[in-house]
Amino acid sequence: MKTKLYVITKTLLMLSFMVNLTSALSAVPTMEGLFRNGINKDISAELVILKLKIDEQNNDSLMEKIKLEGNEDKLKELLEREKMETKYIELIFSIDGENRYRLIQNEYASQSFVSKDLIRTELFTNIRNSIRASKQSEKHLLYSTLLMFVLNDSRSLVDFAKHYNSDFELNKEIMNTEKVGLLRKYQKYLTVIKEDKEMGDALESPLSPSDEEKRLQVQSVKKARMYTPSQKVKLVRENGVFFWVVDLENFTARFFNNSHMLDFLKMKVGEASLELKCSEYILYDGRHTLPKYFILKDLKDRLFKISMVKLKHYNKSSQKLGDRYKVFKEKISQNVGLGAQVKPLESDIIF
């Protein structure tokens, strides 16, 4: 199965390169493609560790709006609302193939992230399933966004957008069926001649038929786009900068034109909305580009600043994730014995 998938992928790339440069540059990206964080290379590491600092921010614009409305009760509630303490979170992703990620999430008492400050640890055997099962939209958006940034995996974020927007277009829904058919024929042809090299001389390549009429038809299919351009993905210019904008029924997202890096996202959930705004993008570990931080507004209009402190990739893991988790649990027990206070995280956002 993996061999067939590899052949299909290689074939798809080859057919894509057949499109002339002008068409490629002018092509409208797909919704799914934009959320892949394609500026970064594919992840080849077995273990990825991300350290985060999470602060709750003052929502000054909301404060001003309430003052103008003269809503004294709402203003009092806002002023008395207790801020979440700063959280220092370590996410350790173990990549088990392309469909499953296991995760250890640690919380520390300080930004030093040293073991003596470890106050909480949790193990998720399948983080995508945990995200899907979460009933809190904030959690779904936060972790889906982190998977996109850190692992180039847009599936959870796409699932989230599709759940609230029937008009979100999946790649499989807008594929050029004629081109896909040609691709499958060519994939089958490659499989046959690989198993029997002599058949290569006897069989005709689906990409190069001898019949003139068929050859012209194949050339037309090869030049056609793999995906039907969406009417809901548009190139816009704002303050001299070009962006790709996805504008749906309950959802708006904006990406930088050349890099496809996410700039802004807004999702309507019931009567409220979630928003996410990214800061400048910087290079981590010399290879991977992420925003220095992003601001997440939850359904209660609370603002959280999620700062990327450190990112590390390890091609080979020196220890199984389950064994790592046991070590973390033992360390917490030691810390408790030394008087450290360990309590569950109570944020509306973090698991």
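Bear in mind the structure is a predicted one, so any value in this text is a computation, not a measurement.
Taking each heavy atom of P206 and L182 in turn, the nearest pair found is O-CD1, 3.7 Å. Of all the heavy atoms in E169 and M31, the pair that sits closest is N-SD, 3.3 Å. In plain terms, the two heavy atoms of L321 and I104 that are nearest each other are O-CD1, 3.4 Å. Contact record, P29 with V233: O-CG1, 3.7 Å, taken as the closest heavy-atom pair. Residues L52 and I306 come closest through the heavy atom pair CD2-CG2, 4.0 Å. Closest of all the heavy-atom pairs between F149 and N37 is O-ND2, 3.2 Å.
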* Test salt bridge (Lys or Arg N to Asp or Glu O under 4.0 Å) on K312 and D285 and set out the steps. => CA-CA 6 Å; K312 293 286 290 184; D285 71 2; over 6 Å; no

* **F256 vs F242, ring-ring contact (aromatic ring centres under 6.0 Å, His included): CA-CA, chis, key distance, verdict** => CA-CA 7 Å; F256 290 99; F242 284 96; over 10 Å; no

* Steps toward salt bridge (Lys or Arg N to Asp or Glu O under 4.0 Å) verdict (E213, R215) -> CA-CA 5 Å; E213 184 176 344; R215 186 163 59 252; over 6 Å; no

* To do: For R287 and K41, run side-chain contact (heavy atoms from CB on, under 4.5 Å): C-alpha distance rounded to whole Å, both residues' side-chain angles, the deciding distance at 0.1 Å, then the answer.
  => CA-CA 8 Å; R287 292 178 296 171; K41 295 181 179 179; over 6 Å; no

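Looking at N59 and K297, their side chains never bring a donor and an acceptor atom within 3.5 Å of each other. Between the side chains of D117 and S112, at least one donor N or O lies within less than 3.5 Å of an accepting N or O. Inspection of the Y101 and D153 side chains reveals an N or O donor paired with an N or O acceptor under 3.5 Å. Neither side chain, S208 nor E204, offers a donor N or O lying under 3.5 Å from an acceptor on the other. Under 3.5 Å, the side chains of E90 and Y108 contain a donor-acceptor pair of N or O atoms.
Here the OG1-CG distance, from T30 to L170, works out to 10.0 Å after rounding to the nearest 0.5 Å. Separation of atoms CZ (R128) and CG (L103) is listed at 13.5 Å; rounding is to 0.5 Å. A distance of 7.0 Å separates CD1 of I332 from CG of N106, quoted to the nearest 0.5 Å. Separating the CH2 atom in W244 from the CG atom in L34 is a distance of 8.0 Å, to the nearest 0.5 Å. To the nearest 0.5 Å, atom CG of residue N250 and atom CZ of residue F168 are 13.0 Å apart. The CG atom of L50 lies 7.0 Å from the CG atom of L290; values are rounded to the nearest 0.5 Å.
Put simply, the side chain of E56 gets close to the backbone of M84: a donor and an acceptor are under 3.5 Å apart. Side chain of S220 to backbone of L216: no donor-acceptor contact under 3.5 angstrom is found. Side-chain N or O atoms of D298 include one that pairs as donor or acceptor with a backbone N or O of R302 at under 3.5 Å. A donor-acceptor pair under 3.5 Å is formed between the side chain of N335 and the backbone N or O of S115.
F255 and F35 have perpendicular rings, their planes meeting at more than 60° on a 0 to 90° scale where under 30° would count as parallel.
Neither L265 nor Y293 shares a network with the other; the hydrophobic side chains, linked directly or stepwise wherever heavy atoms of I, L, V, M, F, W or Y lie under 4.5 Å apart, form separate groups for each. No chain of hydrophobic side-chain contacts below 4.5 Å, direct or via other Ile, Leu, Val, Met, Phe, Trp or Tyr residues, connects I89 to V114.
Salt bridge K162/E173: present, at least one basic N to carboxylate O contact under 4.0 Å. With respect to D42 and R36, a salt bridge is recorded, a charged nitrogen being found less than 4.0 Å from a carboxylate O. Between D247 and K232 there is no salt bridge, since no side-chain N of the basic residue sits under 4.0 Å from a carboxylate O of the acidic one. Between R254 and E238 there is a salt bridge, since at least one side-chain N of the basic residue sits less than 4.0 Å from a carboxylate O of the acidic one. Using a 4.0 Å cut-off between charged nitrogen and carboxylate oxygen, E275 and K277 do not count as a salt-bridge pair.
With sequence neighbours excluded, the residues that form a side chain to side chain contact (heavy atoms under 4.5 Å, CB included) with S137 are F160, Y164, V269, L274, L299.
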